[in-house]
Number of protein chains: 2
Amino acid sequence: MTPTLPLSAPATRTVALVRPIAHPRPIRLRLPKLAPPPSRGAQPTDRQVDQIRAFNRFYTARAGLLDAGHLGSAFSLAQVRVLFEVAYGSGTTASDLGDRLHLSRGYLSRLLRDFTKKGLVSHARTIPDGRFKALHLTTLGRETLETLERAAKEGMRDMLAAVAPTGRAAVVDALTTVRAALRPRLMQRPLIRLRSPRPGDLGWVVERHGAIYAAEYGYDARFEGLVAQIVADFAKGQYGSRERCWVAEVDGARAGSVFVTRASARTAQLRLLLVEPWARGLKLGHRLVSVCTEFARAQHYREIILWTQAELEKARHLYEGAGYRLTASKRHAMFGKPAVAETWTLTL
Amino acid sequence: MTPTLPLSAPATRTVALVRPIAHPRPIRLRLPKLAPPPSRGAQPTDRQVDQIRAFNRFYTARAGLLDAGHLGSAFSLAQVRVLFEVAYGSGTTASDLGDRLHLSRGYLSRLLRDFTKKGLVSHARTIPDGRFKALHLTTLGRETLETLERAAKEGMRDMLAAVAPTGRAAVVDALTTVRAALRPRLMQRPLIRLRSPRPGDLGWVVERHGAIYAAEYGYDARFEGLVAQIVADFAKGQYGSRERCWVAEVDGARAGSVFVTRASARTAQLRLLLVEPWARGLKLGHRLVSVCTEFARAQHYREIILWTQAELEKARHLYEGAGYRLTASKRHAMFGKPAVAETWTLTL
DNA sequence: GTGAAATAGTTTCCAAAAGCAACTATTTCT
DNA sequence: AGAAATAGTTGCTTTTGGAAACTATTTCAC
């Protein structure tokens, strides 16, 4: 499951060299000046760490405390967290709760006792194993939590309301992405969805192709431009429902993309298959390729092709596993370094 | 300071209507299916608030506590925060500190007394107003903090190291954007920078144009495609150093863009001027337009033009203030609704 | 099966964390 | 000059939350 690169014409594009002729300033052919990508080794850079810490100082004080809704209520932060966890994972046990909230067994026990006394929580020794006590919120408990939640939501709503309305989506998207990316591996199965593009998604595809291929393979600005061209052509909608794009979401955050375009009346082309580095290993690439094959079949294409680069090892495996076969290859140096472009074909 | 829309040809583009001819399935001309933008009123939506809260629960427990570096040290969270604030705003007073950290005066006083006793903090009654005491870290204090910071950095580094290397930049970018967007107005002057594009930035320009104009003006997918086309052309680098792009950063987060392209040998064109909604009111638009004018002059263009839409009120004012004059206008319906495209010109 | 070890939860005891209100020292405002 | 306000300190208090000893149940080894 790797991003892969079904891109435009493998034929070497001739770049017109413009020589200074009659202009006040000599014109050099120069790619739009793209500052070099900040190099990234195996370890996060100091700058990255500093940026994250700046965010933490700024954000956690503001949102972290505000978010519980305990301010102004009769409950402490810890109490609210417990109440919330009981509600969320109804039927959990005390020790499970302690693990999740990092509270000592003793303290937690006392908190729960108080809640029981106040009639917010009920616990019954119903589970096969008699040592456990399954925790549940009573109706009163749910109502109480409801109130707290309302306050918390209000706080967050106010925070977000301070941002210009059309800027809010950017904030929410960003946080969702962070959450998905930092999600601990193997913790719980993430929710994966394929959906149609929304405004901004086409640009996102360009951005991520540009950033990821620059970082991983050292491709230069021309590559990002090429992706923009492909996306622009797609957006023209020239071939109506015979072309299509999907965006893959992991836990609500954009994590991948793929396009099917019309190469000819009988040939479909899979393009711009991408999987975010942080979302690899979830079989996203596999699902994206599959949906393309299905679509191409449903649209009565006779075959589906794709262009990729030989160096994209994982992508090649993916295509091979999906039934594609290598049908052509050609050297080129389109993106700033020698490479081999390949054509793969799947007969439908 | 508003985003504005110097975009492509105001002439109405003829859309070829393809009629079903000899194909198994009727081909309808259809824009790539873009799901409608989630509608946003004056208030943040419930979904947005929920997403943010999901992030908070996930993140603040993890990073907020980890980030102080107090774990394993002899200091409590509060102590580290105080130490940090003293170092950061050297010379502040105790009450200022209390406000920022939300600690009671009494508690804070005691913490500071302990620090003084341990020789980490010095306070002198040097300020004109003898009631205050200016706080400073001693050399020992700085060394101590250094150690704590190192631990904190290590924690964050580990967290980030769990993300695939090429995905880290996305996480950092996202958090930086959030911080910039939520920065309290009027609190402190943000750091503004104009820089050359980096990999991914061109795509970002497309994305933000698509998302913002869809939300604010209801433009459809064709608009985003058009932006992609402009960006793709720019990336071809056909006119070398006579074309240029700037990305505006606010506190390290991308907040705006502008391009100058070659319309003809003597005419430059300002394009894709954009200011993120959350960054408005910082004179970003003004600076972006200025830098274009300067560049066009330096490149010996005779005039600089731009295309925009009549409905973009703030942008028009911006251009007018920069010396541009309206030289042509034309009705069209390129982006899903009737609009008036305008050409503005500035003779250099 | 039976005792030993392990696990879930409870309780007691205690230390640290942190607020409150009364206090001093200085400044500012009549 | 005296009153009111502000910065900081100190003593007293409550709350928070951990450590370890304790009970109840289950599982494991023999």
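Order of the sequence lines fixes the chain letters, A, B, ..., with proteins taken first and strands second; residue numbering starts at 1 for each chain.
From B:E146, atom CD reaches atom CZ of B:R150 across 5.0 Å, with rounding to the nearest 0.5 Å.
In this structure, A:L103 atom CG and C:dT10 atom P are separated by 14 Å, rounded to whole Å. When the C1' atom of C:dT10 is taken as reference, atom CZ of A:F115 falls 17 Å away, rounded to whole Å. Atom CG of B:L111 is separated from atom P of C:dA18 by 8 Å (rounded to the nearest Å). Atom P of nucleotide D:dA24 and atom CZ of A:F132 are separated by 18 Å, given to the nearest angstrom. Rounded to whole Å, atom P of D:dG8 lies 9 Å from atom CG of B:D96. One interatomic measurement links the two molecules: CG of A:L101 to C1' of D:dG18, which rounds to 16 Å at whole-angstrom precision. Whole-Å rounding puts the B:L112 CG to D:dT10 P distance at 12 Å. Between B:L108 atom CG and D:dG8 atom C1' there is a gap of 10 Å when expressed in whole angstrom units.
The number of heavy atoms from other shown groups lying within 6.0 Å of CZ (B:R47) does not exceed 12.
Salt bridge absent: B:D114 and B:K118 never bring a charged side-chain N and a carboxylate O closer than 4.0 Å. A salt bridge is defined here as a Lys NZ or Arg NE, NH1 or NH2 lying under 4.0 Å from an Asp or Glu carboxylate O, and B:E276 with B:R254 fails to meet this definition.
Taking the six-membered ring where tryptophan is involved, the planes of B:Y59 and A:F55 are perpendicular, since the angle between them exceeds 60° and thus also 30°.
For C:dT10, one of the phosphate oxygens OP1 or OP2 lies less than 4.0 angstrom from a side-chain nitrogen or oxygen of A:K133. At the phosphate of C:dG9, OP1 or OP2 sits under 4.0 Å from a side-chain N or O atom of A:S95. Checking the phosphate oxygens (OP1, OP2) of D:dT10, a side-chain nitrogen or oxygen of B:R113 falls inside 4.0 Å. Regarding contacts with the backbone of D:dT16, a side-chain N or O of A:S76 is found under 4.0 angstrom from either OP1 or OP2. Listed pair B:S109 / D:dG8 fails the phosphate criterion, with no side-chain N or O lying under 4.0 Å from OP1 or OP2.
Comparing B:Y107 and A:H102, the nucleotide of DNA chain D nearest to each residue sits closer to the 5' end for B:Y107.
Judged by distance alone with a 3.5 Å cut-off, a donor-acceptor contact links the side chain of A:R105 to the base of C:dG9.
Base engagement by B:R110 is indicated by at least one non-hydrogen atom pair under 4.0 Å involving a base atom.
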